Amino acid sequence: MSTKWKMPALLLALCFTLTAGLSAEGQYEESTHIKLATTTSTENTGLLAELLPAFKEKTNIQVDVIAVGTGKAIAHGENGDVDVILVHARSKEDAFVEAGYGVNRRDVMHNDFVILGPDSDPAGIKGMTSAAEALSAIAAAQQDFLSRGDDSGTHTKELSLWNTAGMTPSGTWYKETGQGMGSVLTMTNEIQGYTLTDRGTWLAMKDNLDLSVLVEGDPVLFNPYGVIAVNPDLHEHVDYEGAMSFITFLTGPEGQSIIREFKKNGEPLFYADALK
């Protein structure tokens, strides 16, 4: 890969101001659009509704969002269907960059995954410290478990936990939904089953759910999010300057402040990582 895409973000930001169509403050002279493919959790939580208007006001760039699982978001990036991706599956993100599809990956924020279930907890997992052992207990009890089943970041984490447990889940109790996180939480609530979710979506929706966090705190449940520009060397039509403006905003003081202050009932849904 060319080393020119590895220059520091500050130098990149300076370069943008020299790009035709951008003011010295990094604002486009005329309104324009970029396409973002991102995980459903950033939309279901309401975070994008806070970030994108502020970005539009600052840059005159409208972000058109495609909210899908991480796997599909990365596929959109590979195909050059979007300009930038915001996802949460580090192994897939690294593969995306190493294959030359993306450039300038930056850490944005994190939260963690938790295992939810009914208060009656028929599988007896409440308080377990190992997420993999909790899934094994759910399987042993043949209790309904709803999987994203969509190659998302959450689905990727779930499969890694089953692998750690030495199991390949199957049977009528294991239900692959192919749905986003918000829909899966609603479905899990309806049948009073178990599921794995990111904490941000849980906090955003829990007031309308009759479920509880039963397993949390296992270090393997760490859930980092990264933003990556689609490589313009591979797809000449992508708006690289617009994508980098978004990355600079997201990882800069204003974007990180919005993420830090984004809360539900006083609880943070994400923790900003780009600025310490």
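What you are looking at is a predicted structure, and each value in this text was computed from that prediction instead of being measured.
- For F249 and F55, the ring centers are positioned less than 6.0 Å apart.
- Side-chain contact, D273 with H110: a donor N or O sits under 3.5 Å from an acceptor N or O.
- Two different hydrophobic clusters hold L203 and F113 under the rule that ILVMFWY side chains link at heavy-atom gaps under 4.5 Å.
- Taking both residues in full, the closest heavy atoms of V215 and A134 are given as CG2-CB, 3.8 Å, listed atom of the first, atom of the second, then distance.
- By the rule that hydrophobic residues join a cluster once side-chain heavy atoms approach within less than 4.5 Å of another member, V184 and W173 end up as members of separate clusters.
- Judged purely by atom type and a 3.5 angstrom limit, D83 uses its side chain to pair as donor or acceptor with the backbone of K35.
- The nearest pair of heavy atoms linking G226 to E93 is CA-OE1, 3.6 Å.
- L214 and M128 fall within a single hydrophobic cluster, where Ile, Leu, Val, Met, Phe, Trp and Tyr are joined by side-chain heavy atoms under 4.5 Å apart, directly or via other members.
- Here E216 does not pair with K126 in a salt bridge; the nearest charged N to carboxylate O distance is not below 4.0 Å.
- Contact of the V103 side chain with the I228 side chain is not registered, since no non-hydrogen atoms from C-beta on lie closer than 4.5 Å.
- Across all non-hydrogen atoms, the minimal contact from N231 to G100 is ND2-O, 2.9 Å.
- When atom types are taken as modelled, the side chain of N79 and the backbone of A75 share a donor-acceptor pair closer than 3.5 angstrom.
- Put simply, the side chain of K72 never gets that close to the backbone of T38: no donor and acceptor are under 3.5 Å apart.
- Residues T201 and N44 bring no donor and acceptor atom of their side chains to less than 3.5 Å of each other.
- The line from OG1 of T248 to CD of E254 is 12.5 Å long, rounded to the nearest 0.5 Å.
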Task: N223/D198 under side-chain hydrogen bond (donor to acceptor under 3.5 Å, both in side chains): CA gap, chis, key distance, verdict - done: CA-CA 7 Å; N223 181 30; D198 68 283; 5.2 Å; no
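- A salt bridge links D144 with K175: the closest approach of a Lys/Arg side-chain nitrogen to an acidic carboxylate oxygen falls below 4.0 angstrom.
- Side-chain atoms of Y271 and D112 form no donor-acceptor pair, as typed in the model, at a separation below 3.5 Å.
- Within the model, atoms CD1 of I74 and CG of D151 stand 8.0 Å from one another, a figure rounded to the nearest 0.5 Å.
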TODO: Check step by step if side chain to side chain contact (heavy atoms under 4.5 Å, CB included) holds for L250 and L86.
DONE: CA-CA 10 Å; L250 209 58; L86 173 61; 4.1 Å; yes
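- Using a 4.5 Å heavy-atom threshold, the side chains of V108 and Q256 count as touching.
- No side-chain donor-acceptor contact under 3.5 Å links T154 to the backbone of T197.
- Between the side chains of E158 and S147, at least one donor-acceptor pair of N or O atoms lies under 3.5 Å.
- Contact between G77 and F96 at its shortest, heavy atoms only, is C-CE1, 3.8 Å.
- Residue M109 is grouped with residue V84 when hydrophobic side chains (ILVMFWY) are merged at heavy-atom distances under 4.5 angstrom, including chains of intermediate members.
- The backbone N or O of R148 sits nowhere less than 3.5 Å from a side-chain atom of S152 that would complete a donor-acceptor pair.
- Looking at heavy atoms from C-beta onward, D150 lies out of side-chain contact with V68 at the 4.5 angstrom threshold.
- Counting heavy atoms from C-beta on, the side chains of T188 and L116 never come closer than 4.5 Å.
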TODO: Apply the test side-chain hydrogen bond (donor to acceptor under 3.5 Å, both in side chains) to residues D64 and H33: give CA-CA distance (whole Å), side-chain angles for both, the deciding distance (0.1 Å), then the verdict.
DONE: CA-CA 7 Å; D64 299 329; H33 290 242; 3.0 Å; yes
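- A heavy-atom distance below 4.5 Å is found between the side chains of I115 and I125.
- Closest approach of N111 and L269 over heavy atoms only: ND2-O, 3.1 Å.
- One finds the NE2 atom of H88 at 3.5 Å from the OG1 atom of T39 (value rounded to the nearest 0.5 Å).
- No side-chain heavy atom of T40 sits less than 4.5 Å from a side-chain heavy atom of Q179.
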Task: Steps toward side chain to side chain contact (heavy atoms under 4.5 Å, CB included) verdict (F246, I61) - done: CA-CA 9 Å; F246 181 67; I61 300 173; over 6 Å; no
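- Using a 30° and 60° split on the angle between ring planes, Y174 and W162 fall in the perpendicular class, above 60°.
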Open item on the list: Run the side chain to side chain contact (heavy atoms under 4.5 Å, CB included) test on S245 and K58 for me, step by step, so that the C-alpha distance in whole Å, both residues' side-chain angles and the decisive distance to 0.1 Å come before the verdict.
Closed with: CA-CA 10 Å; S245 291; K58 188 178 185 70; over 6 Å; no
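- The closest donor-acceptor contact from the side chain of Q143 to the backbone of P122 lies at 3.5 Å or more, if one exists at all.
- Side-chain atoms of H235 do not come within 3.5 Å of backbone N or O of V82 as any donor-acceptor pair.
- Between the side chain of E133 and the backbone N or O of S130, no donor-acceptor pair lies under 3.5 Å.
- In summary, D107 and R90 engage in a salt bridge, as defined by a charged side-chain N under 4.0 Å from a carboxylate O.
- Here the straight-line distance linking atom CD of Q62 with atom CG of L52 works out to 7.5 Å at 0.5 Å rounding.
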Task: side chain to side chain contact (heavy atoms under 4.5 Å, CB included) between Y194 and L135, worked out - done: CA-CA 9 Å; Y194 293 87; L135 293 191; over 6 Å; no
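- With contacts defined as side-chain heavy-atom distances shorter than 4.5 Å, the pair Q192/N189 qualifies.
- Between atom CG of residue L211 and atom OG1 of residue T195 there is a gap of 9.0 Å, rounded to the nearest 0.5 Å.
- In this structure a side-chain-to-backbone donor-acceptor pair under 3.5 Å is missing from S257 to P253.
- Between the side chains of K92 and T70, no donor-acceptor pair of N or O atoms lies under 3.5 Å.
- L275 and F270 are members of different hydrophobic clusters when ILVMFWY side chains are connected at heavy-atom separations under 4.5 Å.
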TODO: Please assess N104 against Y240 for the test side-chain hydrogen bond (donor to acceptor under 3.5 Å, both in side chains), listing each intermediate value before the final yes or no.
DONE: CA-CA 11 Å; N104 293 315; Y240 177 70; 2.8 Å; yes
- [ ] Determine, stepwise, if the pair E267 / K206 fulfils salt bridge (charged side-chain N to carboxylate O under 4.0 Å, His left out).
- [x] CA-CA 12 Å; E267 295 186 82; K206 74 174 187 177; 3.4 Å; yes
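- Here the side chain of Q142 pairs a donor or acceptor atom with the backbone of A139 at under 3.5 angstrom.
- Residues V227 and I85 are not in side-chain contact: their nearest non-hydrogen atoms beyond the backbone lie 4.5 Å or more apart.
- Side chains of S41 and Y225: a donor on one and an acceptor on the other come within 3.5 Å.
- Distance check, rounded to the nearest 0.5 Å: CG of N208 to OG1 of T186 gives 8.5 Å.
- Closest approach of M244 and A229 over heavy atoms only: SD-CB, 4.0 Å.
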